[in-house]
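Heads up: the structure comes next, in structure tokens.
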Amino acid sequence: MPELPEVETARAAIEAAGLHREIADVDDTDTFECRPHAPGDLKAALVGRTLTAAHRRGKSMWCDTSGDGPALGIHLGMSGRVFITDPGGRLTIGGDYGGPRPETQPDRDVWYRFSLYFADGGSLRLRDKRRLGRVRLDPDLGDLGPDAELVGREEFRARVGRGTAPLKARIMDQSVLAGVGNLLADETLWRAGLSPLRPAGELRVDELDHLRRELRGAIRHAVKHGGVHTGEVVPHRRAGDHCPRCGGEMVRATVGGRTTWWCSAEQTLP
DNA sequence: CCATATGTTAAAAG
DNA sequence: ACTTTTAACATATG
């Protein structure tokens with residue numbers, strides 16, 4: 001689920017409820033989630049410290065730690081969610097902050113791939129069903145482009161408006177822009193009325209500026225309403241469905257390696 | 001059993 | 001050398 005809006009919600013949750021609590025124990029035994037660290041590496045680095053700030057760029061989060069400790073990097077992957085409990089063990093924030101449908105299956109302990117246990121009795125845990133998320137010390141964010149919500153007009157033009165790759169692949173390339181995932185890309189291109197298949201380098205400047213505006217609008221809407229699945233066109237990404245604006249047929253193809261849906265009437269090639 | 005899934009990335013291809 | 005595409009990753013669900 002997590003794209004930029006969901007990650008921002010998780011970051012805000014950590015900022016609101018996870019900072020300045022002494023870390024008493026750490027479960028870092030999931031060697032895939034914590035790769036390339038060995039079990040115990042994160043524990044040794046974090047016990048006795050507190051998280052002091054929560055940051056985000058695109059879909060990547062990291063927390064500063066006290067006493068000049070290493071940063072704690074968290075990536076939610078395809079299915080990660082952050083859960084934070086109070087000293088009484090009650091869920092205070094996080095968890096069910098997004099998703100296309102409510103959970104029907106009972107919670108399973110094995111889905112919790114990484115945990116901080118605070119000295120006050122509460123915890124901060126990462127639940128990740130698909131296990132494609134990751135936790136690491138001092139994450140390298142050097143290959144990430146600017147955050148998709150913060151990128152300026154000139155930089156957006158220069159970064160997005162080049163290359164022969166299809167436009168959708170371009171805006172989902174995390175080294176070009178950080179934060180756009182599959183659903184946010186479809187939503188943004190639909191709002192902008194642009195075909196996902198357009199070669200990125202062939203966009204006009206006015207089209208790029210409009211795209212950036214719609215991207216920011218889509219992000220703001222998703223953050224405010226609880227996730228990318230609250231987008232206008234996202235619920236219509238289904239066979240036989242129609243564009244909620246014009247009634248045109250929604251069409252599907254694989255673009256940039258991902259299932260892509262767009263309006264056959266409005267998002268056409270020039 | 002089959003298809004699909006909100007992400008990343010190494011490897012292959014161009 | 002740089003850009004683009006594909007496959008694999010680990011797991012759940014309809």
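Across all strands, A/G163 comes closer than 4.0 Å only to sugar-phosphate atoms, never to a base (heavy-atom distances). Using a 4.0 Å heavy-atom criterion, one finds that A/R252 contacts the sugar-phosphate atoms exclusively. Within the 4.0 angstrom heavy-atom criterion, only backbone atoms of the sugar-phosphate kind lie near A/P166; the bases stay farther away.
Comparing B/dT9, C/dA10, C/dT4 by their closest approach to the side chain of A/R134 singles out B/dT9. When distances run from any side-chain atom of A/M78 to the nucleotides C/dT13, B/dA5, B/dT8, the shortest one goes to B/dA5. Among the nucleotides C/dT13, B/dT8, B/dA5, the one closest to the side chain of A/Q174 is B/dT8. Among the nucleotides B/dT8, B/dA5, C/dA12, the one closest to the side chain of A/T259 is B/dA5. The nucleotide whose nearest atom lies closest to any side-chain atom of A/R130 is, among B/dG7, C/dA10, C/dT5, C/dA10. Comparing B/dT8, C/dT11, C/dT3 by their nearest atom to the side chain of A/R162 picks out C/dT3.
A/R252 and A/D186 are not joined by a salt bridge, as no carboxylate oxygen comes within less than 4.0 angstrom of a charged side-chain nitrogen. Salt-bridge formation is not detected for the pair A/R125/A/D27: no Lys NZ or Arg NE/NH1/NH2 atom is positioned less than 4.0 Å from an Asp or Glu carboxylate oxygen. A salt bridge is absent between A/E6 and A/R81; no separation between the charged side-chain nitrogens and carboxylate oxygens falls under 4.0 Å.
Annotation: side chain of A/M172 is not in contact with side chain of A/L184 (no heavy-atom distance under 4.5 Å).
In this structure, A/R35 places its CZ atom 10 Å from C1' of B/dT9, rounding to the nearest Å.
Side-chain atoms of A/S66 and A/T52 include no donor-acceptor pair closer than 3.5 Å.
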Would you write the dot-bracket representation of DNA chain C, where each base gets (, ), [, ], | or . depending on whether it forms a Watson-Crick or G-U pair under 3.5 Å and with which partner? .||||||||.||||
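Taking the P atom of each, B/dT9 and C/dA1 are spaced 22 Å apart, rounded to whole Å.
Residue A/R57 holds its CZ atom at 14.5 Å from CD of A/E149, rounded to the nearest 0.5 Å.
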